[in-house]
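Taking it in order: structure first as structure tokens, then the write-up.
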Amino acid sequence: MVQAYRFALDPNAGQEQALRSHCGAARAAYNWAVSWVTASWSQRKAEASYGIAEDELTPWRSWSLPLMRKEFNRVKATDPRFAGWWRENSKEAYNTGLSNAAAAFDNYAKSKQGKRRGARVGVPRIKTKRKTRPACRFTTGTIRIELDNRHVSLPRLGRIRTHESTIKLSGRIQTGRARILSATVRYERGRWFVSFQVETAREMSRVSHPDTAVGIDLGVKHLAVLADSSGRTRYEPNPEHLDGALKLLRFHSRRVSRRQGPDRRTGRKPSRRWEKANRERNKVYHRVANLRAGSVANSSTRGAATSAPRSLPTAGARPRRPARTAAR
């Protein structure tokens, strides 16, 4: 089976700059691919407005990954957007952006043809630096867990110290029970993380009630209500992590509001005191998010063998202003 292992990183200043450079390269490659494909669409539309025949229009550009990778390798040394710095990053960084662009166009085409379930997918758009979450995926090169269980090695980035021990994965690798397929670095909640996609063999654990099915109804007053086929009903209490942190959030929010923050309209930069206060406030939000994720993981572990989760309210019946416990 394929399983993911995620660890928090503690990179130094130089390594963090290299991580951001790789993630920025992935975003730049994605934007190039989107512009390269959609440019032919715009050109064909303009030529059609001039009355040019269909067979004489500019040919469509395919968004297949091998074709985009070949074209990108041809122009990266001369394109002014990449010529000065493309050698600083691993080829995996650019391949991440190109593969994400190919997947985005595939999803758009399948959604337009009615072959994709879910909400309708629009045309891929340019990713901005301010709104994009930095991420980069490595599939080839030196990807390993060091024997000291406190460092990982990634292509072009070298050894990076982890914030936590990697013994739960390194033990499986050393005994031959796991093999790393890829690694993805991501920046979220104020910290860098690395996720390893691993092929591993795991024994199926025996559940206490294998013939019992349980339905899970997610709520607000209770985190979940579980009703099994034997007629028993169990209530999972809502831990209300946000309510417990509101007093501290009010304190940090007042500190942030009293400092000179950024202004996009005038181009004003935030002061260092504002940045420090904002980091302290974000730590509280990040802790609440981590506690919530842990509560959901722990409650799901206590579930039965077969479950049928149901979340209310649905998208059509969602209130305009839902409760704070459900909205956040």
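Just so you know, these numbers come straight off a predicted model, no measurement behind them.
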Working for side chain to side chain contact (heavy atoms under 4.5 Å, CB included), residues Gln15 and Asn12: CA-CA 5 Å; Gln15 291 171 340; Asn12 56 35; 3.1 Å; yes

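- To the nearest 0.5 angstrom, Gln197 atom CD is 11.0 Å from Gln3 atom CD.
- Without hydrogens or angle criteria, Arg161 side chain to His151 main chain gives no donor-acceptor distance under 3.5 Å.
- Taking each heavy atom of Cys136 and Ala93 in turn, the nearest pair found is SG-CA, 3.6 Å.
- Among all heavy-atom pairs drawn from Ala135 and Cys23, the shortest one is N-SG, 3.4 Å.
- Separation of atoms CG (Asp106) and CG (Leu65) is listed at 9.5 Å; rounding is to 0.5 Å.
- Interatomic distance, Phe82 CZ to Tyr94 OH, rounded to the nearest 0.5 Å: 7.5 Å.
- In summary, Glu275 and Arg272 do not engage in a salt bridge, as defined by a charged side-chain N under 4.0 Å from a carboxylate O.
- In this structure, Lys110 and Val121 have side chains that are not in contact, with every pair of non-hydrogen atoms separated by 4.5 Å or more.
- A heavy-atom distance below 4.5 Å is not found between the side chains of Asn73 and Lys70.
- Taking both residues in full, the closest heavy atoms of Trp85 and Ala25 are given as CZ3-CB, 3.8 Å, listed atom of the first, atom of the second, then distance.
- Of the inter-residue distances, the one linking Thr175 atom OG1 with Arg172 atom CZ reads 7.5 Å to the nearest 0.5 angstrom.
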Walk me through it: do Val34 and Arg125 pass the test side chain to side chain contact (heavy atoms under 4.5 Å, CB included)? CA-CA 7 Å; Val34 171; Arg125 295 181 295 181; 6.0 Å; no

Mind running side chain to side chain contact (heavy atoms under 4.5 Å, CB included) on Asp10 and Arg191 for me, showing each step along the way? CA-CA 8 Å; Asp10 278 338; Arg191 182 177 291 277; 3.0 Å; yes

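- Here the NE2-CG distance, from His241 to Leu291, works out to 5.0 Å after rounding to the nearest 0.5 Å.
- Environment of NZ in Lys283: sparse, with no more than 12 heavy atoms of neighbouring residues, nucleotides or ligands closer than 6.0 Å.
- Sparse packing is recorded around CZ of Arg287, with 12 or fewer heavy atoms of other residues, nucleotides or ligands lying under 6.0 Å away.
- Residue Ser90 comes nearest to Arg156 through the heavy atom pair CB-CG, 3.5 Å, listed as atom of the first residue, atom of the second, then distance.
- Its side chain within the 4.5 Å cluster rule, Leu169 clusters with Tyr5, Phe7, Leu9, Leu19, Phe138, Ile143, Ile145, Val152, Leu154, Leu157, Ile160, Ile173, Ile180, Val185, Tyr187, Trp192, Val194, Phe196, Val198 among the Ile, Leu, Val, Met, Phe, Trp and Tyr residues.
- Between Arg6 and Glu188 there is a salt bridge, since a side-chain N of the basic residue sits under 4.0 Å from a carboxylate O of the acidic one.
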Stepwise salt bridge (Lys or Arg N to Asp or Glu O under 4.0 Å) check, Arg44 with Glu47: CA-CA 5 Å; Arg44 288 177 62 90; Glu47 292 174 353; over 6 Å; no

Step-by-step salt bridge (Lys or Arg N to Asp or Glu O under 4.0 Å) determination, Glu280 to Lys276: CA-CA 6 Å; Glu280 295 297 326; Lys276 181 179 178 180; over 6 Å; no

Leu147 and Gln174: side chain to side chain contact (heavy atoms under 4.5 Å, CB included), yes or no, with the steps? CA-CA 9 Å; Leu147 297 179; Gln174 294 173 14; 3.6 Å; yes

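- Asn278 contributes atom CG, which lies 11.5 Å from atom OG of Ser257 (distance to the nearest 0.5 angstrom).
- The two residues Met68 and Trp36 make their nearest non-hydrogen contact at CG-CZ3, 3.9 Å.
- A salt bridge is defined here as a Lys NZ or Arg NE, NH1 or NH2 lying under 4.0 Å from an Asp or Glu carboxylate O, and Asp79 with Arg81 meets this definition.
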